[in-house]
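Read through the structure below, which is laid out as structure tokens, and then see the notes.
We name chains A, B, ... by the order of the sequence lines, and we start the count at 1 in each one.
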2 protein chains.
Amino acid sequence: MTETVSPPGRPARGHAAAVQAEACPIGPVVDLVFSRWTTPILWALHAFGRQRFVELERRIGTITPKVLTQRLRQMERDGLVVRTYYPEVPPRVEYEISELGLSLAPLFHHLTEWSRDHLGEVAAARVAYDDRDGPMP
Amino acid sequence: MTETVSPPGRPARGHAAAVQAEACPIGPVVDLVFSRWTTPILWALHAFGRQRFVELERRIGTITPKVLTQRLRQMERDGLVVRTYYPEVPPRVEYEISELGLSLAPLFHHLTEWSRDHLGEVAAARVAYDDRDGPMP
DNA sequence: CTGAATCCTATGGGATACTG
DNA sequence: CAGTATCCCATAGGATTCAG
């Protein structure tokens, strides 16, 4: 037995996921694609094509090598990116989007459109919400 | 002053967001819609319509009232859901998807489709990855 | 019923330093 | 260059309890 009691923190999605919690069918995808760093990475890879570790690191700018490695590994495992290792000195590794990863492109496109069309409303909603004073019961 | 130094943990998206880190234009949307509980909630609201707190709570099954409240508040502020308070005894509150929230439906639909079409490949990729033994350099 | 208050922990992720 | 290894902390979120 790996866990005796209910694990706090973040139990659900990747784990006993579809238990029953989410009739919500998109849980898995969300976990896959929309975690903190996956989108920026995927985006960088998609926008600038095959590139090596350092390029990616610099492109994203705020990510640490540790985390970048972690995420890339996971994405590689999930089949979203392809890692190619060149045993030279100095070593060279290149990452690129896989075909599967590329299949997400339309999705990203839709997201971009939604942003363009509705992000303003969100901002407005926030202002409105913050302006109305006194907490509602 | 709420924060004096650079906040570790999860600094970026909601915060000094678009600094430069992400030319990735979908960062904001991701933050908005694809955070841990927002999708299940949105889904429940969309699938079963206007409903009250407890219904939602039970529907989602694994969420605690505290977190449910937090997320609902945020989503209300973002204009994704509408909260209606009925000052009766016992008090009654109903939540429903806003028009803005509804505008996400196509997106969810695309995600569902992607799931249906490609989630198998992800699973396969994982098996393949785990099967190839020995860590790559 | 609807939530606010407390307390607590697992997890992600930043910083830094070190190897092959 | 491409990571790994440590250390360490902030935060999300679970459990539980209490209140209007």
Of all residues at least two apart in sequence or in a different chain, which pass the side-chain contact (heavy atoms from CB on, under 4.5 Å) check with His118(A)?
-> Trp114(A), Glu121(A), Leu100(B), Ser103(B)
Apply side-chain contact (heavy atoms from CB on, under 4.5 Å) to Pro91(B) and list each qualifying residue two or more places apart in sequence or on a separate chain.
-> Tyr85(B)
Please work out if Tyr95(A) contacts a base, only the sugar-phosphate, or nothing of the nucleic acid, heavy-atom cut-off 4.0 Å.
-> sugar-phosphate
Taking side chain as C-beta onward, heavy atoms only, is Phe53(A) less than 4.5 Å from Pro65(A)?
-> yes
The residue among Leu68(B), Leu80(B), Ile97(B) that forms side-chain contact (heavy atoms from CB on, under 4.5 Å) with Ile41(B) is Leu68(B)
Quick one: which of [options] gets closest to the side chain of [X]?
X        : options                  : value
Pro65(B) : dC1(D), dG20(D), dG3(C)  : dG3(C)
Pro90(B) : dT4(D), dG13(D), dC1(C)  : dC1(C)
Arg36(A) : dG13(C), dG3(D), dG20(C) : dG13(C)

Calculate the interatomic distance between [X] atom [atom1] and [N] atom [atom2]; express it in whole Å.
X        : N       : atom1 : atom2 : result
Lys66(B) : dT16(D) : NZ    : P     : 13 Å
Leu68(A) : dG3(D)  : CG    : C1'   : 10 Å
Gln74(A) : dG13(C) : CD    : P     : 10 Å
Gln70(A) : dG3(D)  : CD    : P     : 13 Å

Comparing Val67(B) and Phe53(A) on DNA chain D - which has the more 5′ nearest nucleotide = Phe53(A)
Closest-nucleotide 5' rank along DNA chain D - winner of Arg71(B) and Glu94(A) = Glu94(A)
